[in-house]
Structures are given as C-alpha cells and as structure tokens.
Asker: 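Take this structure first; my questions come after.
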Amino acid sequence: MSSMPVGTTYPALAGARIERGWSGDFDGSPDGSAFIGRDPARPFLYAAGFSGQGLCQAPAAGEIVRDLLADKRTWIDTAELATDRCPVEAV
C-alpha cells in the first residue's frame with residue numbers, strides 16, 4: 001500500500017506538511033461493545049474490541065480482568081461481554 005498526499009482525502013489540508021504520523025490496528029467488535037472474559041477451552045483471559053474507546057473503558061475492564069484472574073465474582077455479568085455473543089460469521 002502506498003501513501004498518498006493528505007490533501008487527496010482532506011482537501012483543506014492540501015499542501016500541509018506532515019511532521020509525524022501514526023497508524024495501528026482498530027480492534028472493533030461487530031456490535032461495538034468490548035469482549036471481556038475467559039476462554040472456556042483454555043487458560044486465557046481476553047479484553048479486546050473496545051472500538052477506540054479503550055482509554056475510557058480501561059479502569060472498568062481492568063477491574064473485570066483482575067477479578068477473573070483472581071477467580072472472584074465480577075461486578076458485571078461477563079456473559080454479556082463474551083465473544084460467543086457475536087456469531088462467527090460476523091467477526
């Protein structure tokens with residue numbers, strides 16, 4: 001994939017000099033809600049798919065993962081956050 005001038009996508013920025021850039025993966029889930037839980041088939045905890053809202057949701061997600069790791073009851077039903085709520089075809 002080649003880069004193109006920023007003015008191609010954003011005409012108001014045509015001719016602007018880009019000093020820095022960043023790119024990365026966007027881990028959005030099909031329904032827009034995060035996946036947080038324990039994989040039933042192996043010893044694995046997951047917290048992903050925050051759809052760009054990870055910073056806002058990080059404290060709550062951290063508490064849930066902490067409690068799952070310590071085998072404690074979480075303050076929210078993690079079944080609502082499990083990966084199996086989305087059909088495989090949608091992922």
Side-chain angles (χ1 to χ4, degrees):
M1 181 165 102
S2 64
S3 63
M4 58 185 171
V6 72
T8 303
T9 305
Y10 304 101
L13 296 177
R17 185 170 174 233
I18 302 296
E19 303 261 340
R20 294 178 213 164
W22 180 90
S23 68
D25 293 329
F26 187 78
D27 66 340
S29 67
D31 66 1
S33 295
F35 293 122
I36 304 174
R38 181 183 302 276
D39 186 317
R42 56 192 169 155
F44 181 78
L45 295 175
Y46 55 84
F50 290 93
S51 306
Q53 302 169 27
L55 185 61
C56 295
Q57 297 175 5
E63 289 180 4
I64 295 168
V65 171
R66 174 203 62 205
D67 291 344
L68 289 172
L69 186 62
D71 289 323
K72 293 184 177 178
R73 185 171 183 223
T74 59
W75 56 270
I76 189 171
D77 180 9
T78 56
E80 299 173 12
L81 301 171
T83 55
D84 60 4
R85 74 173 191 268
C86 295
V88 175
E89 299 83 37
V91 177

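Atom set for the values below is all heavy atoms of this structure, side chains included, hydrogens, waters and symmetry mates excluded.
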Asker: What is the minimum heavy-atom distance between A47 and V65, and which atoms define it?
Answerer: CB-CG2, 4.0 Å
Asker: For Y46 and T83, indicate whether the former's side chain and the latter's backbone hold a donor-acceptor pair under 3.5 Å.
Answerer: yes
Asker: Please name the pair of heavy atoms, one in T74 and one in I76, separated by the smallest distance, quoted to 0.1 Å.
Answerer: OG1-O, 2.5 Å
Asker: Nearest 0.5 Å please: distance from the CG atom of L68 over to the CG atom of L81.
Answerer: 9.5 Å
Asker: Would you mind listing every salt bridge (Lys or Arg N to Asp or Glu O under 4.0 Å) that reaches into residues 47-61, with sequence neighbours excluded?
Answerer: none
Asker: Tell me, which pairs form a salt bridge (Lys or Arg N to Asp or Glu O under 4.0 Å) where one or both residues lie in residues 57-69, sequence neighbours left out?
Answerer: none
Asker: For S29 versus F35, what's the shortest heavy-atom pair and its separation?
Answerer: CB-CE1, 3.4 Å
Asker: Mind listing the closest non-hydrogen atom pair of I64 and W75 along with its distance?
Answerer: CG1-NE1, 3.8 Å
Asker: Can you name the salt bridge (charged side-chain N to carboxylate O under 4.0 Å, His left out) partners of D71, sequence neighbours left out?
Answerer: R38
Asker: R42: what forms a salt bridge (charged side-chain N to carboxylate O under 4.0 Å, His left out) with it, not counting sequence neighbours?
Answerer: D39
Asker: Which pairs count as salt bridge (Lys or Arg N to Asp or Glu O under 4.0 Å) when at least one residue sits in residues 78-87, sequence neighbours excluded?
Answerer: D31-R85
Asker: Can you measure from CG (L45) to CG (L69) and round to the nearest 0.5 angstrom?
Answerer: 5.5 Å
